[in-house]
Amino acid sequence: MPSMKAHEKKEKKEITFQFAVALKKAMEDADFNPTKLALEIGMEKSHMQLIANGKKNLTLSSQIAIADGLGISYTQLAVYFDEVTKTDEKKFLEYQKKQQELKARKKKI
C-alpha cells in the first residue's frame with residue numbers, strides 16, 4: 001500500500017480557493033451573502049469573509065455548519081466543490097477584483 005502524504009502548501013491553497021468558488025455558487029443559489037450566512041450560523045462576519053475569499057482553510061465541522069446554514073446537505077456542498085470549473089474560477093477572480101476596486105474607491109471618498 002503506497003503511503004499517503006499530506007497536501008502540500010500549494011495544494012492546500014488551491015483547495016481553499018476552490019472551496020471559496022463553490023461557496024459563492026452555493027450562496028448565490030440559496031440567496032445568501034457572506035454576512036447573512038455568518039449571522040445564520042453564528043460565525044464572526046470577518047471569519048466568514050476570509051472563508052468566502054479563499055483565505056481560510058476550514059474544519060469539517062465548519063463546512064457542515066455552512067451547509068446547514070445554506071439549507072443543504074454536506075454532500076450537496078461537496079458537489080458544488082467537485083463541480084467547480086476553470087470558468088467558475090476565472091469569474092470568481094474577476095468578482096474579487098471588482099470587489100477590491102469598489103473597496104478602494106470607498107476609501108478615496
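Numbering of residues begins at 1 and proceeds along the displayed sequence. Small disclaimer: the values here were computed from a predicted structure and weren't measured.
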Handout entry: With sequence neighbours excluded, residues passing ring pair (Phe, Tyr, Trp, His ring centres under 6.0 Å) with Phe92
Key =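 Listed in chain order: Phe17.
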Exercise for the section: Side-chain contact test, heavy atoms from C-beta onward, threshold under 4.5 Å: evaluate it for Asn57 versus Lys13 and give yes or no. Expected result: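 They are not in contact (no side-chain heavy atoms under 4.5 Å apart), so the answer is no.
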Under the salt bridge (charged side-chain N to carboxylate O under 4.0 Å, His left out) rule, collect the residues that match up with [X], sequence neighbours excluded.
X     : value
Lys36 : none
Glu89 : Lys86
Glu28 : Lys24

Practice task
Please check if the side chain of Asn53 supplies one atom and the backbone of Lys55 the other of a donor-acceptor pair under 3.5 Å.
Solution key: no
Problem - Side-chain donor/acceptor of Gln100 to backbone N/O of Lys97, under 3.5 Å - result: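 Side chain of Gln100 to backbone of Lys97: no pair is present.
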Problem - Counterpart residues, side chain to side chain donor-acceptor pair (under 3.5 Å), relative to Thr75 (two or more places apart) - result: none
Completion exercise
Rounded to the nearest 0.5 angstrom, the CG-CG distance for Asn33 and Leu39 is 8.5 Å
Exercise for the section: Hey, could you give me the CD/CD distance between Gln18 and Glu83, rounded to the nearest 0.5 Å? Expected result: 11.0 Å
Problem - Residues, nucleotides or ligands: over 12 heavy atoms within 6.0 Å of Asp31 CG - result: no
Problem - Flag if over 12 foreign heavy atoms under 6.0 Å of CD, Glu94 - result: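 It does: Glu94 CD has more than 12 such atoms within range.
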Practice task
Begin with the C-alpha distance, continue with both residues' side-chain angles, and end with the deciding distance and a verdict on side-chain hydrogen bond (donor to acceptor under 3.5 Å, both in side chains) for Ser73 and Gln76.
Solution key: CA-CA 5 Å; Ser73 71; Gln76 289 169 305; 3.3 Å; yes
Completion exercise
For Ile15, the hydrophobic cluster (side chain heavy atoms closer than 4.5 Å, chained through members) also holds Phe19, Leu23, Met27, Phe32, Leu37, Ile41, Met43, Met48, Ile51, Leu58, Ile66, Leu70, Ile72, Leu77, Tyr80, Phe81
Handout entry: Smallest separation among heavy atoms of Ala52 and Ala20, with atom names
Key =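 It is O-CB, 3.6 Å.
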Exercise for the section: Carefully, step by step, assess Lys25 and Asp88 under the rule side-chain contact (heavy atoms from CB on, under 4.5 Å). Expected result: CA-CA 9 Å; Lys25 291 178 74 176; Asp88 294 330; 3.0 Å; yes
